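Encoded as structure tokens, the structure appears first; notes follow it.
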Amino acid sequence: MEDFNNLLKDIDLSAEAPKEEPQRQYYYMAKAREYVKQLSKRLGHTPTCHIATFGCQMNARDSEKLMGILEQIGYVAADSENADFVLYNTCTVRENANLKVYGRLGHLGAVKRSNPDMMIGMCGCMMQEPDVVEKIRKSYRFVDVVFGTHNIYKLAELLVSRFESEGMIIDIWKDTDKIVEELPNERRFSFKQGVNITFGCNNFCSYCIVPYVRGRERSREPKDIIREIESLVADGVVEVMLLGQNVNSYGRSLETPVTFAQLLQEIEKIDGLERIRFMTPHPKDLSDELIEVMKNSKKICNHVHLPLQSGSSRILKLMNRHYTKEHYLELVEKIRREIPDVSITTDIIVGFPQETEEDFLETMDVVEKAQYESAYTFIYSKRTGTPAASMDGQVPEDVVKDRFDRLLEKLSGISAKHIDKYVDTIQDVLVESVNDHDSSLVTGRMRNNTLVHFPGESGLVGKIVNVHLTEGKGFYYFGELSDN
Ligand code: SAH
Ligand code: SF4
Ligand code: F3S
């Protein structure tokens with residue numbers, strides 16, 4: 001942070017903005033600082049900001065970058081939306097994510113009426129949909145800035161435009177081939193950190209809107225990833241989560257192609273790093289090389305999140321997933337055989353168009369055979385513009401609901417069986433927080449991602465400790481600190 005302070009102080013604002021990045025953004029951050037200073041005088045306090053993040057880890061990571069920029073230009077973070085700048089980083093993967101945002105935005109508009117200096121920004125995946133932007137332009141005219149997923153690094157430049165003009169600033173790019181490195185960053189946790197390895201997605205699963213709102217897949221250079229992780233570790237990070245919509249296709253489009261497994265081996269060498277996680281590996285591209293690297297690694301956690309989506313090969317084909325039920329099950333078997341004590345979790349969609357009872361029973365069969373440690377289940381949501389949205393045979397709501405309930409019941413029975421497995425063993429746990437409900441307890445994660453609660457103090461947060469697991473509770477454990 002000090003580095004940015006010095007860098008921004010020396011910028012000559014009477015000169016024109018540089019054309020190249022990231023220098024251009026440094027210039028606009030310095031300029032935005034001046035406006036925020038003026039705002040601060042007018043308000044009589046340091047302006048506050050709040051980012052509400054919806055959706056997945058990609059958005060969570062983007063919000064950290066956005067917060068980094070806001071803090072550089074002089075805002076201080078506030079816990080609530082009662083702030084001088086409120087930014088919604090939105091998700092549109094399912095319709096209900098989308099509806100939630102409109103509801104909250106309406107409420108925010110009312111707050112702004114009583115605080116005219118307040119600014120409101122909208123960004124993230126929803127903003128990549130033209131009809132959403134149109135709706136905001138027409139019906140939510142109190143919004144100050146609107147931008148998408150490809151240009152978050154331009155936040156300071158967009159705010160300067162807003163400070164210098166009246167009305168809503170809208171800047172949405174359809175796609176980009178650019179990755180801008182070396183920008184500020186505000187980390188939420190001192191001890192763990194998400195690290196982007198790819199942006200975008202090329203898979204076009206037929207139900208999914210992500211490729212349309214996040215653009216084509218781009219991989220970061222290995223040296224940029226390694227450098228980022230090295231500096232995180234120097235800053236106290238012990239666990240990284242490598243992020244990509246399909247981490248298994250990492251590196252294919254680089255000038256010098258690198259596989260995901262090779263990248264992992266390089267990351268493994270970083271001294272001081274204790275745990276490596278990744279999200280999400282697509283089953284169609286999960287290689288033997290990756291399983292081998294995981295098996296031999298001391299740092300890669302024994303957890304694989306392997307989205308199934310459906311257990312029916314017929315539906316998988318309609319979903320454009322490029323694997324069959326049999327291939328998926330073979331993969332699960334191989335992973336369980338090669339990686340001791342691995343936990344396998346998944347995502348499942350119920351009610352994809354044309355899903356019959358037989359197809360659903362295939363999904364139940366995979367669930368039974370794969371014995372997932374846990375699973376996220378979703379009701380199929382029609383996303384305009386995706387191929388599945390115009391498929392015949394949308395499944396009636398009551399049928400979907402019935403299948404969904406049956407699936408949940410089956411999954412919870414299976415997770416409960418797993419949780420007894422490690423009772424009375426000692427496991428290493430990275431302590432993540434003081435327990436939300438009982439402050440005499442702390443909460444952490446085992447290497448296989450299972451949650452553990454045990455008596456302890458806030459000083460343990462960020463440390464990896466040995467915990468004796470005393471009791472399994474469905475999907476988490478109770479335990480106690482152990483000396484050995
Ligand atoms: N890239 C990741 C998933 C990103 S979206 C992967 O391929 O696994 C996270 C999850 O949301 C998906 O795994 C899927 O189960 C669910 N999902 C995506 N689109 C959906 C839709 N239209 N309706 C219901 N669930 C959906
Ligand atoms: Fe969506 Fe499929 Fe890409 Fe995942 S791999 S983000 S489900 S299109
Ligand atoms: Fe949602 Fe965008 Fe993630 S649509 S799930 S926030 S990539």
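What you see below is based on every heavy atom in this structure, not just the backbone, and it leaves out hydrogens, waters and symmetry mates. Just so you know, ligand 1 is whichever comes first in the structure, and atom 1 is the first atom listed for that ligand. Values in this document were obtained by computation on a predicted structure and should not be read as measured data.
- Residue contacts with ligand 3 leave out Met126, since none of its heavy atoms falls under 4.0 Å from the ligand.
- Between the side chains of Gln25 and Glu157, at least one donor-acceptor pair of N or O atoms lies under 3.5 Å.
- Here Gln245 has heavy atoms under 4.0 Å from ligand 1 in both its backbone and its side chain.
- In terms of protein heavy-atom proximity, atom 2 (Fe) of ligand 3 is closest to Cys125 SG, 2.2 Å.
- Relative to the six-membered ring of Phe378, Arg94 meets both conditions, a distance below 6.0 Å and an angle of at most 45° to the axis.
- Between Glu362 and Ser310 the shortest side-chain heavy-atom distance does not fall below 4.5 Å.
- Using a 4.0 Å cut-off to heavy atoms of Asn59, the atoms of ligand 3 that qualify are 6 (S).
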(message) Apply ring pair (Phe, Tyr, Trp, His ring centres under 6.0 Å) to residues His453 and Tyr476 and explain how you reach the verdict.
(response) CA-CA 8 Å; His453 308 292; Tyr476 61 88; 4.9 Å; yes
(request) Determine, step by step, whether Arg214 and Asp62 satisfy the salt bridge (charged side-chain N to carboxylate O under 4.0 Å, His left out) criterion, reporting the C-alpha distance in whole Å, the side-chain angles of both residues, the deciding distance to 0.1 Å, and the verdict. (result) CA-CA 12 Å; Arg214 286 271 169 182; Asp62 285 350; 3.0 Å; yes
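- Atom 1 (Fe) of ligand 3 has as its closest protein heavy atom Cys91 SG, 2.4 Å.
- Taking the charged nitrogens against the carboxylate oxygens, Glu186 and Lys65 have no contact shorter than 4.0 Å, which rules out a salt bridge.
- Using a 4.0 Å cut-off to heavy atoms of Gln245, the atoms of ligand 3 that qualify are 7 (S).
- Residue Met279 does not touch ligand 1, judged by heavy-atom distances below 4.0 Å.
- Remark: ligand 1 and His282 share no N or O pair separated by less than 3.5 Å (distance only, no angle test).
- Every atom of ligand 1 is numbered from 1 in the order shown, and the set under 4.0 Å from a heavy atom of Arg94 is 11 (O), 16 (C), 17 (N), 23 (N), 24 (C), 25 (N), 26 (C).
- In Ile379, the part holding a heavy atom less than 4.0 Å from any atom of ligand 1 is the backbone.
- Nearest-residue assignment for atom 6 (C) of ligand 1 (options Thr92, Thr280, Thr346; heavy-atom criterion): Thr280.
- For ligand 1, the atoms sitting less than 4.0 Å from at least one non-hydrogen atom of Arg321 are 7 (O), numbered in the order shown with element in parentheses.
- At a heavy-atom cutoff of 4.0 Å, ligand 3 is contacted by both the backbone and the side chain of Cys56.
- Residue Val132 forms a side-chain contact (heavy atoms from CB on, under 4.5 Å) with just one option from Gln128, Lys135, Glu134, Glu129, and that option is Glu129.
- Given atom 19 (N) of ligand 1, the protein heavy atom at minimum distance is Tyr207 CD1, 3.3 Å.
- A cation-pi arrangement is present between Lys192 and Phe189 under the rule of less than 6.0 angstrom and at most 45 degrees off the ring axis.
- Only side-chain heavy atoms of Phe378 come within less than 4.0 Å of ligand 1; its backbone N, CA, C and O stay farther off.
- Ion pairing between a basic and an acidic side chain is recognised when a charged N comes within 4.0 Å of a carboxylate O; Glu333 and Arg337 show such pairing.
- In this pair, Tyr88 and Phe54 present their aromatic rings perpendicular. The plane angle is above 60°, beyond the 30 to 60° band.
- Every atom of ligand 1 is numbered from 1 in the order shown, and the set under 4.0 Å from a heavy atom of Tyr380 is 23 (N), 24 (C).
- Against a heavy-atom cut-off of under 4.0 Å, Arg321 is close to the following atoms of ligand 2: 2 (Fe), 7 (S).
- For ligand 1, one of its N or O atoms has an N or O atom of Ser381 under 3.5 Å away.
- The side-chain contact (heavy atoms from CB on, under 4.5 Å) with Arg275 is formed by just one residue from the set Asp428, Val238, Val240; it is Asp428.
- More than 12 heavy atoms of other residues, nucleotides or ligands lie within 6.0 Å of NZ in Lys421, so this atom counts as buried by the packing criterion.
- Taking only nitrogen or oxygen atoms, main chain and side chain alike, Asp347 reaches within less than 3.5 Å of ligand 1.
- Within the listing of ligand 1, atoms 8 (O) sit less than 4.0 angstrom from a heavy atom of Pro307.
- Atoms of ligand 1 lying under 4.0 Å from at least one heavy atom of Arg383, given by number and element, are 22 (N).
- Asn59 contributes no side-chain N or O that, together with a main-chain N or O of Thr53, makes up a donor-acceptor pair within less than 3.5 Å.
- The number of protein N, O or S atoms lying under 2.8 Å from atom 1 (Fe) of ligand 2 is 1.
- Between the side chain of Ser412 and the backbone N or O of Glu409 there is at least one donor-acceptor pair closer than 3.5 Å.
- Heavy atoms of Val93 found under 4.0 angstrom from ligand 1 belong to the backbone as well as the side chain.
- Contacts between Gln309 and ligand 1 below 4.0 angstrom, taking non-hydrogen atoms only, involve the side chain exclusively.
- Under the 30°/60° scheme for interplanar angles, the aromatic rings of His327 and Tyr323 are found to be tilted.
- By the 4.0 Å N-to-carboxylate-O rule, Glu81 lies close enough to Arg104 to be salt-bridged with it.
- A side-chain contact (heavy atoms from CB on, under 4.5 Å) with His150 is found for one member of Asp175, Ile172, Val213 and no other, namely Asp175.
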